[in-house]
Protein chains: 2
Amino acid sequence: MAQLAGVSTATVSRALTAPQKLRPATLARVTEAVRRTGYTPNLAARTLRARRTMLVLVVVPDIANPFFSDVLRGVDEGLSQHGYGFLIGNLARSRAKEPQLANIALAGQVDGMLLLNGRIPQGGRRSLTASDIPMVAVCEAIEGARIPQVEVQNREAARQAVAHLARLGHRRIAYLAGPPDNFVERERRGGFCEGMTAAGLSARSARFYPGDFTFASGVAAATAFLQTRPRPSALFAANDEMAIGFVKTMRSAGIVVPDQVSVVGFDGIEFADFVEPTLTTFRQPRRELGYRGATLLVAAMRGEAIDPAQAHQYLPVPLLERGSTALAPAV
Amino acid sequence: MAQLAGVSTATVSRALTAPQKLRPATLARVTEAVRRTGYTPNLAARTLRARRTMLVLVVVPDIANPFFSDVLRGVDEGLSQHGYGFLIGNLARSRAKEPQLANIALAGQVDGMLLLNGRIPQGGRRSLTASDIPMVAVCEAIEGARIPQVEVQNREAARQAVAHLARLGHRRIAYLAGPPDNFVERERRGGFCEGMTAAGLSARSARFYPGDFTFASGVAAATAFLQTRPRPSALFAANDEMAIGFVKTMRSAGIVVPDQVSVVGFDGIEFADFVEPTLTTFRQPRRELGYRGATLLVAAMRGEAIDPAQAHQYLPVPLLERGSTALAPAV
DNA sequence: TTGATTTTTGTAATCGATTACATTTTCGGC
DNA sequence: GCCGAAAATGTAATCGATTACAAAAATCAA
């Protein structure tokens, strides 16, 4: 290959990694030879010598969750643009695999990590936090971690949900919660309370139904809701799946949504469009979350300084006003 | 590290890759030294020399599709069990990236490929088909390809759908199709026709509505359906998303499902449980598809002979009889 | 044209494992 | 205790790129 172009292997290497260092004529000869032979540099050799793998480990809490697959699409776009590929580390909703994933990074098998799970994996042979492996957190923020993060304006959106309902005349607004140890749940709940206060309503006296982000917990909340007196006229669910479970149960109990109860969800999953009535919700910019996270990580892996203003991004989540919210029924 | 154990690097290497070649005492000394130093072999060096990457390229037609994320979970399980990781090649519903993905494999960056897209990627610098890179097709079969394949019994299930409806007394059964160039669509349509014949009904005179697997095409089919005379009493949709779009539109038009029209879907997506009425459908064993494909691929990559009986697997797809099917209305 | 300076290219060491081959050790049988 | 075969271990070449350093070529000023 090098012979065909009449140059040394060093020159070939330079042609591929630092073309500006070559005379145009030489570069052209090498390029032509590369084209003719269909030469591809061996990745392993390059990695071995240059100590870069051009690979990123993406830690996902649950790969079977469609939410993350959309985020992954953005990650894919952001990384492949810069020549990076990615490995997927699926935690499958448990922490058992964390040490294994941490070690992949610590062993230098990847150049950086993208954390979608709201936690820095623990239990590796060394501490990831203390290492200088570039990491970026996406979707679920990691409190106290000194790494770039990209999340959505959970708190702000939740406030807006309450404001939207208050504007429609609702005064008894309930909250359908996620798991209490979850970061986004806490943000959304906090925003809900702030929104209540801002609307001149008492957050203290609002009804809070427990939930865990599943459809089933939405159903359970609906059952509890039916027995609540006085019955709230609106409900803000911390995610769409619960909201849909809630709405479905309401309807089978003969309660008309939105006439008797307004419901607001969160996430903007695809099926929010397909249920009856269509769900009023906040559309998370999933692809964008992944894309921005990937872009930040690439910068970090290249050793570029990250603009502090970019280091922690809060993306806006637009409210989609649709069929499940309406004016409060007259008292 | 080798010094700490008082052995050569060759022995360390053997301790890690072929422990049975060492005397137990030596092995123990090395193991202890490995533990104490926290040594991890450099993957790049190993790959360079051993010419194995322990990585698989998974080609996905659309990573944002939840169907595939579930399959990926199975793939993850099957591969990680044997120490393999995987890269994701996302085609994003187009063929533009095929050459790029083919080249990743041809350049030896992975040890094998798992194809979920029903096609062998074309346009690489050499032909993948002619190469000896291990490949396995999953979900969507690749006709004529001499590689192991894992798919579901599409044809059999479609026959069963018709049988189920016929058993309920339906005689005018319509078919809501997928894109005509899609392999699984053709199988399901074929099974539908066979089922009609088996039930003593004319497949020729059945109504076929065009579709493309999207919710919107289910809505469109419903609109056409409403104008069909005489109106069929049952419909078999080639996937759940269309079935759900169809049902939703029927209901808003005041047609009661299943009393006036029975509907059967295909795939068993999560939301089939959540719609009203719950959808009668076939649950695809998604995780299992991925797991089996991964297992076959590992065998192929290890150079093991594949039992011909295992080389093309057709997994059964159980029918879930739920709310969207009922006895045909009396004529 | 010449010599100094800069740019381009080549030579050879290097990354860290695996592995063919050589050497040493172990072990059984006599 | 010795010999030969078998098992265990060591030595050194090797995988294929990158890159420090050296050498050669190009460029420029006088």
Side-chain angles (χ1 to χ4, degrees), chain A residues 1-35 37-55 83-85 103-111 125 301-303, chain B residues 1-35 37-55 83-85 103-111 125 301-303:
Chain A
M1 160 53 209
Q3 311 176 33
L4 196 147
V7 297
S8 72
T9 63
T11 302
V12 174
S13 172
R14 282 189 275 258
L16 267 45
T17 58
Q20 77 286 356
K21 287 192 177 172
L22 294 191
R23 222 171 31 205
T26 315
L27 180 55
R29 275 216 315 291
V30 177
T31 310
E32 170 62 11
V34 167
R35 201 188 54 67
T37 56
Y39 164 85
T40 324
N42 179 309
L43 252 254
R46 172 176 286 178
T47 295
L48 177 58
R49 180 64 229 234
R51 300 166 166 290
R52 287 177 298 112
T53 62
M54 297 306 280
L55 242 35
Y84 283 88
N103 283 334
I104 289 178
L106 291 166
Q109 290 180 37
V110 294
D111 294 346
R125 89 180 76 263
M301 291 186 302
R302 289 179 169 170
Chain B
M1 162 50 211
Q3 311 175 30
L4 196 147
V7 297
S8 71
T9 63
T11 302
V12 174
S13 172
R14 282 188 275 256
L16 267 47
T17 59
Q20 76 286 355
K21 287 191 179 173
L22 295 191
R23 219 173 28 202
T26 315
L27 180 56
R29 275 216 314 292
V30 176
T31 310
E32 170 61 12
V34 165
R35 199 188 56 68
T37 57
Y39 163 85
T40 325
N42 179 309
L43 252 256
R46 172 176 285 177
T47 296
L48 176 59
R49 180 63 228 235
R51 301 165 166 292
R52 287 177 298 114
T53 62
M54 296 306 281
L55 242 35
Y84 283 87
N103 283 334
I104 288 178
L106 291 166
Q109 290 180 38
V110 293
D111 294 343
R125 86 182 78 264
M301 291 186 301
R302 289 179 169 171

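Numbered from 1 within each chain, the chains take letters A, B, ... in sequence-line order.
- Using a 4.5 Å cut-off on side-chain heavy atoms (C-beta onward), B:Tyr39 and B:Leu16 make contact.
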Distances under 3.5 Å only, N/O to N/O: pair up the protein atoms with those of nucleotides 17-26 of chain C.
{"unit_1": "C:dA17", "atom_1": "OP1", "unit_2": "B:Tyr39", "atom_2": "OH", "d": "3.0"}
{"unit_1": "C:dA17", "atom_1": "OP1", "unit_2": "B:Asn42", "atom_2": "N", "d": "2.8"}
{"unit_1": "C:dA17", "atom_1": "O5'", "unit_2": "B:Tyr39", "atom_2": "OH", "d": "3.1"}
{"unit_1": "C:dT18", "atom_1": "OP1", "unit_2": "B:Arg46", "atom_2": "NE", "d": "2.9"}
{"unit_1": "C:dT18", "atom_1": "OP1", "unit_2": "B:Arg46", "atom_2": "NH2", "d": "3.2"}
{"unit_1": "C:dT18", "atom_1": "OP2", "unit_2": "B:Ser13", "atom_2": "OG", "d": "2.1"}
{"unit_1": "C:dT18", "atom_1": "O5'", "unit_2": "B:Ser13", "atom_2": "OG", "d": "3.4"}
{"unit_1": "C:dT18", "atom_1": "O2", "unit_2": "B:Arg49", "atom_2": "NH1", "d": "3.0"}

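- Here the P atom of nucleotide D:dT14 and the CG atom of A:Leu48 are 17 Å apart, to the nearest Å.
- If B:Arg51 and B:Leu27 are placed on DNA chain D by their nearest nucleotide, the residue sitting closer to the 5' end is B:Leu27.
- Note that CG of B:Leu55 is 10.0 Å distant from CG of A:Leu43, once rounded to the nearest 0.5 Å.
- Ion pairing between A:Glu32 and A:Arg35 holds under the 4.0 Å rule for side-chain N and carboxylate O.
- Between the CG atom of A:Leu22 and the C1' atom of C:dG10 there is a distance of 12 Å, given to the nearest Å.
- Residue-level contact check: B:Gly108 touches neither bases nor backbone, having no heavy atom under 4.0 Å from any strand.
- The closest side-chain heavy-atom distance from A:Leu4 to A:Thr37 is below 4.5 Å.
- Judged as a side chain to side chain contact (heavy atoms under 4.5 Å, CB included), and not counting sequence neighbours, the contacts of B:Ala105 are B:Val110, B:Met113, B:Leu128, B:Ile133.
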Which atom pairs, donor and acceptor, lie under 3.5 Å between side-chain atoms of residues 7-15 of chain B and protein residues at least two apart or in another chain?
{"unit_1": "B:Ser8", "atom_1": "OG", "unit_2": "B:Ala10", "atom_2": "N", "d": "3.3"}
{"unit_1": "B:Ser8", "atom_1": "OG", "unit_2": "B:Thr11", "atom_2": "N", "d": "3.4"}
{"unit_1": "B:Ser8", "atom_1": "OG", "unit_2": "B:Thr11", "atom_2": "OG1", "d": "3.3"}

